[in-house]
Amino acid sequence: MGDTIGAADQVLDDATVRDFVMERLSGAGLDGKSVCVIVPDATRSCPLPLLLGAVHSALAGRASRVTVLVALGTHAPMSAAHLAKHLGGPYPGFDVLNHEWWVPSALVSLGHISAERVGELSEGRMRRAVDVTLNRAVVDHDVCLVVGPVFPHEVVGFSGGNKYFFPGVAGQEIIDFSHWLGALITSAEIIGTRGITPVRALIDEAAALIPSRRLALCLVVQSGTGALHAASFGPPDQAWAACADISAETHVRYLDAPVRRILSMIPEKYDDMWTGAKGFYKVEPVVADDGQVILYAPHITRISEMHPEIEEIGYHCRDYFLKQWDKFSHHHWGVLAHSTHLRGAGAWDPETGEHDRVTVTLATGIPEDVVRRANLDYLDPADVDIEALTADPGTMVIPQAGEVLFRLR
């Protein structure tokens, strides 16, 4: 049933995209069914007004009930005004919900993945059972339709597909669990890895427990414009795989040699460092040893609205936590994972302390004392001379950072 249009060297026009969506949904046997449409929040580039307009045209009057569920993961909820701008519309007959990951009554357990099975899926990195919980709207509908983009991703390899269920609309336990598994592998190793990574295998295993029929409209977005290179429709694993292959051609740039310094200019769709850290994830593989990444985002004034404990824990390499596990294991593992993702590779021992491979400098609106207490370097954004850095042969300036991955050949 998998079906794909477009390619890495194409840009699809709106009429082609709309026709594709309407034709595929009209032929998917959704008449009389209740449908939960799972979409990304505003931290993901995606032409949702175009896509949801086509979904509405295809399902209105045919589906018995439609709920649009915003996959927040553990991000902050979107306001009504923000949702209206993000989703477009109005869409008469469609209900719109934020994924309330912090509300226990909004979640339902589908069962457990055993410790033995986790050991197999994680290739021996973890051996602990995990409860598979997700938003109850998923199981309260006959069909779940994922609509969202595929990009290189620091936890799973490439985002999209079943990732919109876990962690997109999941409970915090399995979100933390999957993110810590990714952190054990390390962001620099797993990001942009094609195929079924251990984290993708865990997510697919969890998704198989969902009783509703699962479909996906996966997308490859032209970074910086929101236009589409490609779209694929079908079962989530098939549609995702098709788009991951195209994303690997579209969203990965290769360099011949490492770079001493990178200025990542963080777009305003990332409104805290929890999300803006993607500007580091996507460049870490090409930074020279003892190099520097400057995250330039004057509009960001806080590290995280939803996870304030990161300010207490700070940013550290993976081994800082692993070698002091008794001290840190009680914290949310997703927070520890985020910490390692932004700090990057390094080492720790009790005698000499922590030694990180690169310097991470925040040139943001976050106060200097908060930045330094979190174990990161501070630079006043007013002192950043973008023109001079652009002219510096030892510096790479990346506008609209956070989606395109840079790797060494």
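Count residues from 1 along the sequence.
- In terms of modelled atom types and a separation under 3.5 Å, the side chain of Ser178 and the main chain of Ile175 share a donor-acceptor contact.
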Side chain to side chain donor-acceptor pair (under 3.5 Å) for Arg318 and Thr340? Distances and angles first, verdict last. CA-CA 5 Å; Arg318 177 194 62 185; Thr340 70; over 6 Å; no
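- Of all non-hydrogen atoms in Leu217 and Ala231, the two that sit nearest each other are CD1-CB, 4.3 Å.
- The pair Lys278-Glu403 does not meet the salt-bridge criterion, since no charged nitrogen lies less than 4.0 angstrom from a carboxylate oxygen.
- A salt bridge links Arg194 with Asp245: the closest approach of a Lys/Arg side-chain nitrogen to an acidic carboxylate oxygen falls below 4.0 angstrom.
- Here the closest non-hydrogen pair linking Ile38 and Ala71 is CG2-CB, 3.9 Å.
- Electrostatic pairing of Asp392 and Arg260 counts as a salt bridge here, judged by a charged N lying under 4.0 Å from a carboxylate O.
- Side chains of Val66 and Tyr91 form no contact here, defined as non-hydrogen atoms less than 4.5 Å apart.
- Note that CE of Met265 and CG of Leu389 are 9.5 Å apart. Values are rounded to the nearest 0.5 Å.
- With hydrogens and angles left out, the side-chain atoms of Lys269 and Ser45 include a donor and acceptor closer than 3.5 Å.
- To the nearest 0.5 Å, atoms CZ (Arg125) and CZ (Arg127) are separated by 11.5 Å.
- Residue His307 forms a ring-ring contact (aromatic ring centres under 6.0 Å, His included) with just one option from Trp333, Trp102, Trp101, and that option is Trp101.
- Thr133 and Asp131 form no side-chain donor-acceptor contact under 3.5 Å, judged by distance and modelled atom types alone.
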Residue pair Val286, Met396: steps toward the side chain to side chain contact (heavy atoms under 4.5 Å, CB included) verdict: CA-CA 10 Å; Val286 298; Met396 182 168 69; 4.2 Å; yes
Assess the residue pair Asn375 and Glu354 against the criterion (side chain to side chain contact (heavy atoms under 4.5 Å, CB included)); give the C-alpha distance rounded to whole Å, side-chain angles, the decisive distance to 0.1 Å, and a yes or no. CA-CA 11 Å; Asn375 196 37; Glu354 186 172 5; 3.6 Å; yes
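- A distance of 9.5 Å separates CD of Glu368 from CG of Leu379, quoted to the nearest 0.5 Å.
- Of the possible donor and acceptor atoms, one in the side chain of Ser64 sits under 3.5 Å from a partner among the backbone N and O of Ser34.
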Carefully, step by step, assess Arg357 and Val287 under the rule side chain to side chain contact (heavy atoms under 4.5 Å, CB included). CA-CA 9 Å; Arg357 192 180 73 83; Val287 185; 4.1 Å; yes
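- Tyr315 and His341 share no donor-acceptor pair across their side chains, judged by distance under 3.5 Å alone.
- Residues Val132 and Glu205 fail the side-chain proximity criterion, which asks for heavy atoms closer than 4.5 Å.
- When every heavy atom of Arg62 is checked against every heavy atom of Ser26, the shortest pair comes out as NH1-OG, 3.4 Å.
- Counting heavy atoms from C-beta outward, Ile366 and Tyr378 have side chains that stay 4.5 Å or more apart.
- Between the side chain of Arg200 and the main chain of Phe158, a donor-acceptor pair closer than 3.5 Å is present.
- Pairing each heavy atom of Gly73 with each of His99, the nearest pair is O-CD2, 3.7 Å.
- At least one donor-acceptor pair closer than 3.5 Å links the side chain of Ser232 to the backbone N or O of Asp3.
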Can you check side chain to side chain contact (heavy atoms under 4.5 Å, CB included) on Gln400 and Ser223, steps first, answer last? CA-CA 8 Å; Gln400 297 293 313; Ser223 184; 5.6 Å; no
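- Inter-residue side-chain proximity for Leu202 and Phe166 is flagged as unmet; no heavy-atom pair is nearer than 4.5 Å.
- Side-chain contact between Leu107 and Ser109 is absent, with no heavy-atom pair separated by less than 4.5 Å.
- When atom types are taken as modelled, the side chain of Asp13 and the backbone of Thr16 share a donor-acceptor pair closer than 3.5 angstrom.
- Side-chain N or O atoms of Ser212 include one that pairs as donor or acceptor with a backbone N or O of Val138 at under 3.5 Å.
- Going from atom NZ of Lys163 over to atom CH2 of Trp240 covers 12.0 Å, rounded to the nearest 0.5 Å.
- Without hydrogens or angle criteria, Lys282 side chain to Ser264 main chain gives no donor-acceptor distance under 3.5 Å.
- The shortest heavy-atom contact between Tyr270 and Gly402 is OH-O, 3.7 Å.
- Remark: the backbone N or O of Asp95 is not paired with any side-chain donor or acceptor of Arg65 at under 3.5 angstrom.
- To the nearest 0.5 angstrom, Leu219 atom CG is 5.5 Å from Leu51 atom CG.
- At distances below 3.5 Å, at least one donor-acceptor pair connects side-chain atoms of Arg407 with backbone N or O atoms of Ile191.
- Shown are Tyr320, Trp180, Trp348; of these, the ring-ring contact (aromatic ring centres under 6.0 Å, His included) with Trp325 is made only by Trp180.
- Between the side chains of Arg18 and Ser57, at least one donor N or O sits under 3.5 Å from an acceptor N or O.
- Of the candidates Asn135, Val169, Leu72, Leu72 is the only one forming a side chain to side chain contact (heavy atoms under 4.5 Å, CB included) with Asn98.
- Residues Leu12 and Phe20 have side chains not in contact (no heavy-atom distance under 4.5 Å, counting atoms from C-beta outward).
- Of the possible polar contacts, none joining the His229 side chain to the Cys243 backbone as a donor-acceptor pair under 3.5 Å is found.
- Counting heavy atoms from C-beta on, the side chains of Val335 and Ile313 come closer than 4.5 Å.
- Within the 4.5 Å cutoff, no side-chain heavy atoms of Glu311 are placed close to those of Pro308.
- In this structure, CG in Leu322 is found 13.5 Å from NE2 in His316, a value given to the nearest 0.5 Å.
- The closest side-chain donor-acceptor pair between Thr275 and His75, if any, does not fall under 3.5 angstrom.
- Nearest heavy-atom pair, Val221 versus Leu228, reported as atom, atom and distance to 0.1 Å: CG2-CD2, 3.8 Å.
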